[in-house]
Amino acid sequence: MKLSKYLIPTLKELPADADTLSARLMLRAGLIRKVAAGLYEWLPLGLRVLKKVEQIIREEMDRVNGQEVWLPVLQPRELWDETGRWQVYGKELVRLKDRKDTDFCLAPTAEEVITDLVRREVRSYRELPLLLYQFGTKFRDEIRPRFGVMRAREFYMKDAYSFHADEADLGRMYQDVFEAYNRIFSRCGLAFRPVEAETGAIGGNFSHEFMVLADTGEETIASCEVCGYAANVERAEALPPHVKDEDDMADIEEVDTPDTWTVEDVARLLKVSADKMIKTLFYVADEKPVVALVRGDHELNEAKLQRLLDAKILHKASDEVYQQTAGCDVGYAGPVGLNAVIVADHAVSDVVNGVSGANKKDKHLININVGRDYKPSRYADIRKVQEGDLCPRCQKTFLFHKGIEVGHTFMLGTKYSQAMRAGFLTDKGEKTPFVMGCYGIGVSRIVAAAIEQCHDGNGIIWPEHLAPFDVIVLPLNVSEPALMTTAEKIYHDLKAKGLAVLLDDRDCRAGVKFKDADLLGIPWRVTVGEKKLAVGKAELKKRSSSEIEDVDIDQVTERVSSAKFLGNDISIDENAIIK
RNA sequence: CGGGGUGUAGCGCAGAUGGUAGCGCGCUUGGUUCGGGACCAAGAGGUCCAGGGUUCAAGUCCCUGCACCCCGACCA
């Protein structure tokens with residue numbers, strides 16, 4: 001491809017609203033342009049990278065016997081009503097009507113449609129297991145799109161769904177896909193880590209996220225270097241401390257705390273530490289009010305609470321609920337004398353002579369004690385793990401990292417097949433619901449994550465398997481015929497070797513070409529300049545290295561084509577794949 | 001949804017006290033240059049986000065709306 005005729009609008013200055021490094025570089029290198037908040041156009045160069053990622057995923061999915069399909073983006077409400085997700089999914093689901101006023105949504109994921117397909121077409125255990133996947137545009141009306149294509153409202157995703165006769169078979173497939181995912185992200189040249197994860201709106205009972213490690217990541221991972229346990233902080237188990245305070249119980253007392261309601265302020269006013277405070281939070285779980293207690297220095301983990309209560313929808317209670325139940329505002333609520341279902345975090349039970357709101361304006365209670373003054377309905381792990389917490393398996397201090405979620409696998413079980421009455425006949429002739437798994441990869445997000453991980457001050461440094469082109473050839477002076485002829489010959493020879501080559505045939509100064517070549521991040525650069533050409537040489541440089549090598553003109557093609565991917569391919573353990 | 005901010009040339013921005021719409025980059029043409037974003041000259045390019053109002057006169061002042069960005073709440 002000749003650069004002079006290729007749409008690569010590189011930018012010296014960057015658009016003001018680009019908020020992360022990868023977004024800035026994607027705009028500057030001419031990979032994408034923004035149309036509206038969270039909506040992007042992929043230009044030729046960007047699309048080439050996207051297609052590279054797609055092909056790697058396709059190969060690995062096929063390797064574990066996945067079958068590619070293509071499902072509609074516009075999906076009828078009736079299917080979403082069957083699983084209840086038309087209600088549960090919330091505002092993120094883009095809803096619209098057709099000309100006949102029938103409700104539809106734009107697919108944020110495709111469990112309903114695929115389950116509908118399989119329930120109509122698959123009858124027997126003999127046809128299982130089945131792994132179907134697709135690539136396609138997904139829509140999620142994010143509250144706040146940001147970070148370029150990383151959190152866009154419309155994005156490109158690979159989603160896969162598997163159907164099984166039983167849990168054991170799902171377990172085998174889950175393992176296969178898990179390994180396929182490891183290969184995919186390795187081939188993409190990413191430093192990543194699979195972690196245990198929350199299941200969120202997709203549901204199911206077991207799930208992993210694949211996190212690309214990057215400081216700009218939105219997710220936080222807690223990991224233990226001793227036993228290898230790693231989980232999203234949304235999921236990570238907290239170890240109950242069991243260092244019950246030694247103090248004797250003192251008499252409960254009401255104290256004045258005018259205009260003081262945050263944990264920090266109350267603790268300062270009463271001269272107690274935050275871990276003596278009991279935070280009292282009101283929630284509504286499937287329309288039933290629930291009170292959650294966590295220690296003042298801890299944070300409630302809503303996902304844990306929701307899972308514990310087995311609630312479809314969980315949200316913070318409104319001020320009215322506080323008034324009705326506690327008779328006061330949020331900051332003055334407390335568990336003593338409260339007539340409600342109370343769930344307490346394990347750590348709360350160890351607090352002796354604690355402090356909480358008195359359920360009266362401007363009043364708190366001191367010296368409150370579990371058992372004597374209030375009685376939670378149940379204890380559970382409902383807090384977020386935090387800095388300093390210990391691994392529940394081996395009591396070693398957790399490490400925390402930032403990550404970008406690029407893949408997510410779920411063991412769904414029968415959540416969707418039961419709701420949609422999707423089943424098959426067993427060898428005994430019994431109708432049984434499919435056991436399902438689902439597996440997603442954010443294809444467009446991988447592109448951004450790769451840049452986030454691989455760049456320098458001059459631009460992108462593509463991992464070789466993702467690079468839009470393998471080589472860029474720079475004739476430094478296009479008006480010099482000998483130089484141009486040589487450059488074009490190298491260009492054609494490289495192409496003949498099957499490499500993707502970009503020829504910078506623009507009539508501009510050398511500096512501009514060097515700057516753009518660095519910005520674009522093409523792995524190999526061949527420079528044809530007059531001085532070196534006079535002695536029959538061209539310059540060869542890897543984008544990832546600062547070394548420049550002079551190579552005989554007629555050796556260039558051989559050098560590049562033989563070096564491509566050398567030492568950069570990952571070893572694949574064929575035995576790990578279950579056929 | 002709450003708080004804050006911004007909308008002026010393709011991009012980045014400037015346009016006190018209302019009075020002929022500007023700069024840098026990019027683009028076009030010509031010339032000189034030519035190994036890390038050259039220089040000179042001449043050009044093209046604007047419903048100043050939209051609608052309403054005040055005024056002899058609005059990019060500028062006043063309403064209303066929209067879009068976008070940031071922080072928070074929320075969320076595979």
Rounded to whole angstrom, note down the P distance from B:C49 over to B:G15. 15 Å
C1' atom, B:C13 versus B:G7: distance in rounded Å? 13 Å
One thing to verify: whether A:K288 and A:D286 come together as a salt bridge, which I'm taking to mean a side-chain N less than 4.0 angstrom from a carboxylate O. no
Taking only the side-chain heavy atoms of A:E539 (C-beta and beyond), determine which of B:C68, B:C75, B:G35 contains the nearest atom. B:G35
Listed partners of A:K279 passing salt bridge (Lys or Arg N to Asp or Glu O under 4.0 Å), at least two apart: none
Taking only the C1' atom of each, what is the distance from B:C63 to B:G19 in whole angstrom? 24 Å
Regarding A:E209, tell me which of base, sugar-phosphate or nothing describes its non-hydrogen contacts under 4.0 Å with the strands shown. nothing
Could you pull out all residues at least two apart from A:R235 that satisfy salt bridge (Lys or Arg N to Asp or Glu O under 4.0 Å)? A:E198
Watson-Crick or G-U wobble partner for B:G65, using a 3.5 Å limit on both distances? B:C49
Nucleotide B:C68, atom P - distance to OH of A:Y40 in whole Å: 11 Å
Send over the distance from A:L281 CG to B:A73 P, rounded to a whole Å. 14 Å
Write out all pairs satisfying salt bridge (Lys or Arg N to Asp or Glu O under 4.0 Å) with one or both partners inside residues 520-533 of chain A, taking only residues at least two apart or from two chains. A:D518-A:R525, A:K532-A:E539, A:K532-A:D550
Does A:E530 get its side chain close enough to the base of B:G35, under 3.5 Å, for a donor-acceptor pair? no
Any idea which of B:C71, B:C75, B:C11 is nearest the A:E13 side chain? B:C11
Listed by chain and number, what are the salt bridge (Lys or Arg N to Asp or Glu O under 4.0 Å) partners of A:K541, not counting sequence neighbours? none
Can you check whether A:R144 has a side-chain N or O nearer than 4.0 Å to OP1 or OP2 of B:C71? yes
Using atom C1' in both nucleotides, what's the gap between B:C71 and B:U64 to the nearest angstrom? 26 Å
Which one, B:C75, B:C70, B:A73, comes nearest to the side chain of A:D19? B:C70
Looking only at B:C71, B:C34, B:C75, the nucleotide nearest the A:S479 side chain is B:C34
Of the listed B:G35, B:C74, B:C68, the closest approach to the A:R146 side chain comes from B:C74
With the side chain counted from C-beta on, respond yes when A:F469 and A:L45 share a heavy-atom pair under 4.5 Å apart, and no when they do not. yes
Below 4.0 angstrom, N of the basic side chain to O of the carboxylate: do A:K5 and A:D505 qualify? no
List for me each residue that meets side-chain hydrogen bond (donor to acceptor under 3.5 Å, both in side chains) alongside A:R58, sequence neighbours excluded, and say none if there are none. A:E54, A:Q55, A:E68
Nearest-angstrom distance from the residue atom CD of A:E302 to P of B:A73: 11 Å
If you assign each of A:K34 and A:D507 to its closest nucleotide in RNA chain B, which residue comes earlier from the 5' end? A:D507
Please state how far atom CD in A:E299 lies from atom C1' in B:C74, giving the value in whole angstrom units. 14 Å
Nearest-Å distance for atom pair CE/C1', residues A:M150 and B:C75: 17 Å
Listed pairs, N/O of protein and of nucleotides 44-46 of chain B, under 3.5 Å:
none

Integer-rounded Å distance: B:C11 P and A:L27 CG: 12 Å
Base, sugar-phosphate, or nothing for A:R151, non-hydrogen atoms under 4.0 angstrom? base
Please report, rounded to the nearest Å, how far the P atom of B:G2 is from the CD1 atom of A:I143. 13 Å
Results of salt bridge (Lys or Arg N to Asp or Glu O under 4.0 Å) for A:E237 - residues two or more places apart only: A:R393
Tell me: CD of A:E218 to P of B:C70, nearest whole Å? 11 Å
Output one letter per nucleotide in nucleotides 36-41 of chain B: B when a protein non-hydrogen atom lies under 4.0 Å from the base, S when only the sugar-phosphate is that close, - when neither is. BBB---
Presence of A:K316 side-chain N/O under 4.0 Å of B:C74 phosphate oxygens OP1/OP2: yes
A:H208: what forms a ring pair (Phe, Tyr, Trp, His ring centres under 6.0 Å) with it, not counting sequence neighbours? A:Y174, A:F178, A:F206
According to the interplanar angle, ranging from 0 to 90°, do the rings of A:F185 and A:F210 count as parallel (below 30°), tilted (30 to 60°) or perpendicular (above 60°)? tilted
